Each structure stands twice: as C-alpha cells, then as structure tokens.
Amino acid sequence: MGKVLFQNVSVVDRNSAWNGQQADVLVVDGLIAQIGTANTLTHDVTDTNWALISGGCLSPGWVDMRCQLSDPGYEDREDLDSLAAAGIFGGFSTLVTQPNSFPVQDNAGQIKALVHRAAALPLHLAPMGAMSIGAEGKDMAELYDMHQSGAVAFTDGRKGTQSAGMLLRSLQYVQPFGGVIVQSPMDQNLAEGESVAESASAVRMGMKGIPAMAEAMMIERDLSLMSLSKGKLHIGPVTTAEGVALVRAAKAKGLQVTAETSALYLLLDATENEDFEEVTKVYPPLRERASVLALRAAVLDGTIDVVSSSHHPQTREDKMHDFTDAAFGVDTLETAFGAMMTAFKDEQFPLETVIATISSTPRRILGLPAATCRRRTRRIDTFRPET
C-alpha cells in the first residue's frame, strides 16, 4: 500500500490525545506509523511509493449504520460494487446493511455468502441479520448462527417488528452473546397506505399522512420491553420531537438504550413534499420543522447517538410515478455528511460531536473494533470472522 503522509491536518477524534490539534500523520501499509506536530514529518519526494496529502481534517473511519441492501435480488437498484462506490464517495469506510434483500438475510448461509462477497470490496461491509424469518415478524431467525457468521446486529428492517412478543424474545435471546437488536419505530396500523407525515403540509396536499403517534407509540412500547428484558436495544431512525422526548426521558432514567436519526431528517421538513416531487418521498416521512429542530438539539446533547444515511436506492421505473404510487427511498450515501454539515452550519457545535455520531459511537454500539488517531502496530479495520 506504500506510505501516505497527512501533513498539517486537523485531528477530529474525541478519543485521541491529538484531538483538535494540527498534526502530521504518517501511514505505512495501512497502519499509523508516526504522529508529530504539524510540519515536522517529511517525505522522500523521489520515492514513488509516497503520497502526500496536505491540510483538511483527519478522523476515524466513518460508519454508516443504515444502508438498504439491494444485492442479492434487487441488483437493478444497486449491486455491491455500486453500493461500495457510493459509500466511498460519501466518505464512509464501513457500511452497515439492512437485511431486506431477496432472499432476506435471515440465516447463517446468507450472512456467510454476503461476508465472502464483500471481502473484495474497497471498504468494509457489516451486515445486519433479520430478526425473524423472512423479516416477517413471526418466527425468530437463526440469531446466534448469524452472529457467529458475521452479523453485527439484528433487525427486521424499515417497518420494524410489530409483534411485541417477537421483540421481547429476541431481546432476551441475544443477551448471552451480547447481541444488539435494532428496531425501526413505526406502528404499521397507523402508517400503512400513507405517503407523507401528518402535518399542515399534508393538509395542503390533500393527504392524510402518518401521525407522529405512530412513532411515539412504538418507541414507548419498545422501551418498556427493553426495560423488562434488560437486552441491548438501538432505536432508529427517530424522526419526531415526540420520539426524541421519549428517548431523552428513558436515558434520564438510566435505560441503556441508544438512538439514531438520519441526515435528511436533520435538514429537510415536510414542506419539501408540497411540490409532489418523488425524490422527497422517503420512509419514515419528512416531519414538521419543530421535529427537525428537536432532532438537531438531540444530536448535540447526546440524546441521539448515531446519524445515518438511510440510503435506500430505487430504480427510475419505481420512482417516476405519481407521488402516491412512487416507491419510498432515495440515494443518500453520497450526500449524508454534507446534509449534516448544512443542518448544523448555524449552530455552535464542536465538530468532534458530529463526527462521533458517524464514527466511534456506531462502532461502540455494534461492537466493531475501535478506531482512533494513535500509533498502531497491527491493523484494526478487519472485523470479519473467519469462515
């Protein structure tokens, strides 16, 4: 891999002694070999194995915790190679994938095959396995076997597990091996068939919309089940002010829940839907401005632990319909960080707080190897199990 000298860079890493300082960082064959104060390390200009990068910021590798997996089964939307290319363009070094491919990633064989295929990608792919067979919320999938094969967490995907019994049993089952359950908070009885959020914008559009209660009721239920089971629960994406308040109250009571939102919910609100542009049709839907502001505050005060992309590509054929018939989802990997920085451009915030939501915090929640700016004697970026 040769040698790369990052010269006079700003280190953005709250876990590093160099955080907030200007430094020179020498990387040799993928390992940090030397760190020094700015403009103290030099390189051999005659050596073709050297690369010099000057200025900018240096942080731990970014982790996107919510990517829809389209390959296998939906390669017309996106395959593994194009997913990796989008992730790299967006600045991410690890992508955590949802299990809702076709077939669903609900057994050890599927996870092993995905891990094997992903080994050739230029970034890391960390698959989540389905909590239930077929992600249908009925019968528990092979959670332990998938864990052994490389699944980093378990979820039924964007619609969440509607069965309280299924979620409770899963939270209990994964405790012996430290498994994490990821739950999308949406009561489908209140959401099915709707395209936008219940809001003033929905009224102007002549549509009913999904109420904030659909998210809040599910979060309240799931927090109660977590409290009963003592399992590890990660909730996301949280999109409403009501959801933020519930998570904040739970953390104040000492519950070890973690929560996530996605970059587009920090930037865009429901008024974006009023032009009936299909690209603004996402799931969960864009919410009112008060929720956008509540989410921003929750990221800054630590109520929201992770910011993800909610990357969910669709084909032109599935997207280019009337608004109500268009598929949910949009490509967001390439723009997630830009959306975050735009959302917070008028806020007084430490950059390391935002960077932590896409680097160290998702690693901690999922049990991925920690990454920080310090000298290394061995590689830290390989977390795939032996297969």
Side-chain angles (χ1 to χ4, degrees), residues 12 57 59 62-68 86-87 89-92 95 158 184-186 195-202 204-205 209-210 212 215 235-245 247 259-314 319 323 326 328-359 361-362:
V12 184
C57 296
S59 74
W62 297 352
V63 179
D64 184 67
M65 206 164 160
R66 187 167 299 270
C67 292
Q68 177 58 45
F89 191 88
F92 294 95
L95 303 179
R158 72 175 192 175
S184 298
M186 184 67 75
S195 298
V196 296
E198 185 178 83
S199 63
S201 291
R204 288 191 287 269
M205 296 171 72
I210 301 172
E215 177 175 289
I235 297 175
V238 177
T239 65
T240 65
E242 292 83 350
V244 166
V247 172
E260 167 194 344
T261 193
S262 297
L264 68 166
Y265 302 115
L266 296 171
L267 182 63
L268 306 178
D269 61 43
T271 61
E272 299 289 338
N273 295 138
E274 293 185 25
D275 290 333
F276 293 91
E277 292 289 344
E278 298 84 359
V279 71
T280 67
K281 185 177 179 180
V282 294
Y283 194 91
L286 300 174
R287 302 290 185 174
E288 292 191 284
R289 193 66 181 171
S291 288
V292 174
L293 298 178
L295 288 166
R296 290 180 187 175
V299 170
L300 298 181
D301 70 19
T303 300
I304 296 293
D305 303 274
V306 173
V307 178
S308 63
S309 72
S310 278
H311 180 69
H312 191 171
Q314 296 287 355
K319 202 67 176 170
F323 188 86
F328 287 104
V330 65
D331 300 5
T332 49
L333 264 174
E334 300 95 327
T335 58
F337 182 70
M340 290 174 62
M341 295 306 293
T342 302
F344 290 116
K345 66 182 176 64
D346 295 325
E347 305 280 352
Q348 296 297 317
F349 70 96
L351 184 58
E352 63 264 24
T353 298
V354 175
I355 293 295
T357 68
I358 56 172
S359 59
T361 304

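This is a predicted model, so every value here is computed, not measured. Residues: numbered from 1 along the sequence shown.
- The two residues Phe328 and Lys319 have their closest heavy-atom pair at C-NZ, 3.9 Å.
- Once rounded to the nearest 0.5 Å, the distance linking CG of Leu264 with OG of Ser308 reads 8.5 Å.
- Phe344 and Phe349 have tilted rings, their planes meeting at an angle from 30° to 60° on a 0 to 90° scale.
- At a threshold of 4.5 Å between non-hydrogen side-chain atoms, the residues Ile210 and Pro284 do not count as touching.
- Counting heavy atoms from C-beta on, the side chains of Val282 and Thr332 never come closer than 4.5 Å.
- A pairwise comparison of heavy atoms in Val307 and Ala263 identifies CG1-N, 3.7 Å as the closest pair.
- In summary, the side chains of Asp64 and Ser309 do present a donor paired with an acceptor at a separation below 3.5 Å, with no hydrogens or angles considered.
- A pairwise comparison of heavy atoms in Gly236 and Arg66 identifies O-NH2, 2.8 Å as the closest pair.
- Counting non-hydrogen atoms of neighbouring residues, nucleotides and ligands closer than 6.0 angstrom, the CZ atom of Phe89 reaches no more than 12 such neighbours.
- The distance from the CE atom of Met65 to the CG atom of Asp305 is 9.0 Å, given to the nearest 0.5 Å.
- The two atoms that bring Val63 and Phe92 nearest to each other are C-CD2, 3.8 Å, heavy atoms only.
- Heavy-atom minimum distance, Glu215 versus Pro237: OE1-O, 3.8 Å.
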Can Met341 and Leu351 be said to form a side-chain contact (heavy atoms from CB on, under 4.5 Å), step by step?
CA-CA 9 Å; Met341 295 306 293; Leu351 184 58; 3.8 Å; yes

Check the pair Val244, Leu295 against side-chain contact (heavy atoms from CB on, under 4.5 Å), reporting the backbone distance first and the verdict last.
CA-CA 7 Å; Val244 166; Leu295 288 166; 3.6 Å; yes

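- The distance from the OG atom of Ser59 to the CD1 atom of Ile358 is 6.5 Å, given to the nearest 0.5 Å.
- Asp269 places no side-chain N or O within donor-acceptor distance of the main-chain N or O of Glu288, the cut-off being under 3.5 Å.
- Between Gly329 and Gln314 the shortest heavy-atom distance is O-CG, 4.1 Å.
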side-chain contact (heavy atoms from CB on, under 4.5 Å) between Thr357 and Val299, worked out:
CA-CA 8 Å; Thr357 68; Val299 170; 4.2 Å; yes

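- Note: Ile304 CD1 to Thr361 OG1 = 12.0 Å, rounded to the nearest 0.5 Å.
- Here the side chain of Thr261 pairs no donor or acceptor atom with the backbone of Thr239 at under 3.5 angstrom.
- In this structure the side chain of His311 reaches within 4.5 angstrom of the side chain of Asp331, judged on heavy atoms.
- In this structure, a donor-acceptor pair under 3.5 Å is absent between the side chains of Arg287 and Thr240.
- Under a 3.5 Å cut-off, the side chain of Tyr265 and the backbone N or O of Ser291 do not form any donor-acceptor pair.
- Put simply, OG on Ser310 and CD on Gln68 are 10.0 Å apart, with the number rounded to the nearest 0.5 Å.
- Within the 3.5 Å criterion, the main-chain N or O of Ala202 finds no donor-acceptor partner in the side chain of Asn273.
- To the nearest 0.5 Å, atom CD of residue Glu352 and atom SG of residue Cys57 are 10.5 Å apart.
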Take Phe323 and Asp275 through the side-chain contact (heavy atoms from CB on, under 4.5 Å) test and state the conclusion after the steps.
CA-CA 9 Å; Phe323 188 86; Asp275 290 333; over 6 Å; no

